[in-house]
2 protein chains.
Amino acid sequence: MNGKIFIIEDEPSIIQLVQYNLEKEGLIVSSATNGNEGLKELKKFKPNLLLLDWMLPDFSGIEICKNIRKDTNFKNLPIIMLTAKGEEEDKIKGLDSGVDDYLTKPFSFNELFARIKAVLRRSDPKLVSDNLEFEDLKLDRNEKRVFRNEKEIKLGPTEFRLLEFFLTNPKRVYSRDQILENVWPNNINVESRTIDVHIRRLRKSINLKDQKELIRTVRSSGYSLI
Amino acid sequence: MNGKIFIIEDEPSIIQLVQYNLEKEGLIVSSATNGNEGLKELKKFKPNLLLLDWMLPDFSGIEICKNIRKDTNFKNLPIIMLTAKGEEEDKIKGLDSGVDDYLTKPFSFNELFARIKAVLRRSDPKLVSDNLEFEDLKLDRNEKRVFRNEKEIKLGPTEFRLLEFFLTNPKRVYSRDQILENVWPNNINVESRTIDVHIRRLRKSINLKDQKELIRTVRSSGYSLI
DNA sequence: TTAGTTTGTAACATTTCTGTAACATTAACT
DNA sequence: AGTTAATGTTACAGAAATGTTACAAACTAA
């Protein structure tokens, strides 16, 4: 998982627990314990998602929510509202005010994480890194497997990383320099032509007989998925 | 999971989160927010395990701990101490005072749950009934036995822990570092190649003649069950 | 203690991967 | 068409990762 998450919540222990667990998942987390501070920090931090407590010392979550939506920069910022038990009837109001999802306290981290993933997947699919998919290609990062049309394809380590890299942003054209930086271990120097050879190998592996070519060559620019 | 768990902790939100998650796992949970109340309730509730905060409003966890040990009924009550960050040096004292394990805040619920299971497994194995299965493999944690196709397989201690670890998340690829961290006792340093040898031993043990290979090697990444 | 396990490591064997060079082909441009 | 630069393709030697075996030290149970 990638991305930045901002939390506005007045209970420090909740922040602590959530932050700890989210960071373990590779996310960047920042927080505030009241609405005023929160709105200020938000602009600096530029998160990909906001966790917002319903009841704050200064403002209610719904007020903050409306406030945020006024700012064009955050018009589409996904928000998950945290509500305490017994505020059930307010849920609808919450959703009306432009919240993407809500969660009732107490919640387990797994529940929260699942919601975050779901919301982020909608708003910014790149960030959710579980499995990568494109057309009939599927790449499972946990199991380190690749499938084309449900059929498993065996790839060498570099081929795997290469495909993984392309899949984070399919269709986008990457220069050889960019590929080098992102796919090869740091500070390793290889000839630029080496990439061509690996592309060739990857092509050979993923293009089973008479299937559509998946890697496009953009002459003098680089390669991309297509 | 069965059994009763008592929590003495002054932070209500922590109690709430822990209690919620433990109950989801089938445990019976009760709690107190200070030492006095806690000691009283304890006697009525008769838990199988106690979660004890290090810093309480009235007593320190260590005082409570000593107090409990005086009572013959609770002489052997397993205790897991919850300490805040930066109280590292106190850990030893904590263990001396008859605590079975400790956990530093903030912690993830999964960490806590793993500790609870580990401690309960020692003190009262009946309560922990989690056996692991995958394909035709069965691993009995209580009796420390492993079966393939109903036929028992004898494993050495490290082989057992290794297999146990893989079974918690079969199919997932684990790096040698992850394996090291999770299978070897803390702070023990062994060569990374040592893992390969243990994998080999495990393979030899669980792959009875001409049975399907169960451990997959993922070059440059690690191993997984398959 | 003693005999039998278990463990970590080193050493060697085997497999798989990687980078490069050399040559072939294609695309772009005049 | 001819020229040039970029990319495709192939083969191969060395590198790197993993498999395998043996052994001495540490540990256990009797």
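Computed over heavy atoms, backbone and side chain alike; hydrogens, waters and symmetry mates excluded. Letters A, B, ... are given to chains in the order of the sequence lines, protein chains preceding strands, and every chain is numbered from 1.
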Reading 5' to 3' through nucleotides 4-10 of chain C, protein heavy-atom contacts under 4.0 Å coded B for base, S for sugar-phosphate only, - for none: --SBBBB
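For E164(A), the salt bridge (Lys or Arg N to Asp or Glu O under 4.0 Å) criterion is met by R141(A), not counting sequence neighbours. Among residues two or more places apart in sequence or in another chain, the side-chain contact (heavy atoms from CB on, under 4.5 Å) test is passed with V119(B) by L49(B), P78(B), I80(B), D100(B), D101(B), R122(B). The salt bridge (Lys or Arg N to Asp or Glu O under 4.0 Å) search around R193(A) returns D196(A), not counting sequence neighbours. Taking the ring pair (Phe, Tyr, Trp, His ring centres under 6.0 Å) definition, one finds that F147(B) meets it with nothing, sequence neighbours left out. In this structure, D177(B) has no salt bridge (Lys or Arg N to Asp or Glu O under 4.0 Å) partners at least two apart in sequence or on a different chain. Residues passing the side-chain contact (heavy atoms from CB on, under 4.5 Å) test with Y20(B) are P106(A), S108(A), E111(A), K24(B), sequence neighbours excluded. For E152(B), the salt bridge (Lys or Arg N to Asp or Glu O under 4.0 Å) test picks out R145(B), with sequence neighbours left out.
Between E143(A) and D140(A), the shortest heavy-atom contact is N-OD1, 2.9 Å. Nearest heavy atom pair, residue Q178(A) against residue F165(A), reads O-CZ, 4.1 Å.
Rounded to an integer number of Å, the gap from L162(A) CG to dC17(C) C1' is 14 Å. Between E213(A) atom CD and dT7(D) atom P the separation is 15 Å, expressed in whole Å. Between Y174(B) atom OH and dT18(D) atom P there is a gap of 18 Å when expressed in whole angstrom units. A straight line from CG of D196(B) to C1' of dT20(D) spans 11 Å, rounded to a whole angstrom. Computed from coordinates, the F160(A) CZ to dT18(C) C1' distance equals 18 Å when rounded to whole Å. Rounded to a whole Å, the CZ atom of R176(A) is 9 Å from the P atom of dA6(D). Here dA17(D) presents its P atom at 17 Å from CD1 of I199(B), a figure rounded to the nearest Å. When rounded to the nearest whole Å, the span between CG of N207(B) and P of dG19(D) equals 12 Å.
Sorted by first then second residue, the side chain to side chain donor-acceptor pair (under 3.5 Å) pairs that include residues 213-226 of chain A, not counting sequence neighbours, are R176(A)-Y223(A), R203(A)-E213(A), R203(A)-T217(A), N207(A)-E213(A), R216(A)-S224(A).
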In a table with atom names and distances, give each donor-acceptor pair under 3.5 Å that connects a side chain of residues 30-43 of chain B to protein atoms at least two apart or in another chain.
{"from": "N34(B)", "atom 1": "OD1", "to": "N36(B)", "atom 2": "N", "distance (Å)": "3.2"}
{"from": "N34(B)", "atom 1": "OD1", "to": "E37(B)", "atom 2": "N", "distance (Å)": "2.8"}

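Residues of residues 219-226 of chain A having a heavy atom closer than 4.0 Å to DNA chain C, listed by number: R219(A).
Two end axes, each from the C1' atoms of five base pairs, can be drawn for the helix from dT1(C)-dA30(D) to dT30(C)-dA1(D); they diverge by 40°, to 10 degrees.
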